[in-house]
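All values reported here derive from a predicted model rather than from experimental measurement. The basis for the numbers below is simple: all heavy atoms, side chains too, and nothing from hydrogens, waters or symmetry mates.
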Amino acid sequence: MTEDELDFQRKVIEAKMLLDTFEIPRRPITLSAHQFKKKFGSNQGYSEYKKRVKKERAEWDVLYKESQKLNKQKIRCLTQVSLSDEAFQEAGKTAKLEGLEVQDILSRWIELGRNS
């Protein structure tokens, strides 16, 4: 996927997350050959099935892992410091521009607050 397509997909996900009914789907799993045969009656098409699930899993990783990583980071940061969502977003942007982590930006802000 190109960067524009990824941004579009992320925006769609964010819009869906605004709805209370939307839940992030779990990461796709592959059935074993035995489970596949039991479900569909034969092993024909198992290799195509595995390829399809592998592709879905890669797409899921691209779309959802980043948002989950950011949520974990936000929770970790917010438990250490009282911070509003806007301040966290600003710290994230600053960290991206400077190539640092959010924790480094927050510690810098705390030091600046102590010195002033």
Where do Ile29 and Arg57 come nearest, in terms of heavy atoms and distance? CA-NH2, 3.4 Å
Atom of Arg27, atom of Asp61 and distance for their closest heavy-atom approach: NE-OD1, 2.9 Å
Heavy-atom donor-acceptor pair, Tyr46 side chain to Leu31 backbone, under 3.5 Å: yes
Run the side chain to side chain donor-acceptor pair (under 3.5 Å) test against [X] and tell me which residues pass, sequence neighbours left out.
X     : value
Thr94 : none
Ser32 : Gln35
Asn43 : none

Rest of the hydrophobic cluster containing Leu97 (Ile/Leu/Val/Met/Phe/Trp/Tyr, side-chain heavy atoms under 4.5 Å)? none
Atom CD of Gln44 with >12 non-hydrogen neighbours under 6.0 angstrom: no
Applying ring-ring contact (aromatic ring centres under 6.0 Å, His included) to Phe8 and not counting sequence neighbours gives none
What pairs of residues pass the salt bridge (charged side-chain N to carboxylate O under 4.0 Å, His left out) test when at least one of them lies in residues 30-56, not counting sequence neighbours? Arg52-Glu56
Linked, directly or transitively: Trp60 and Val53 (ILVMFWY side chains, under 4.5 Å): no
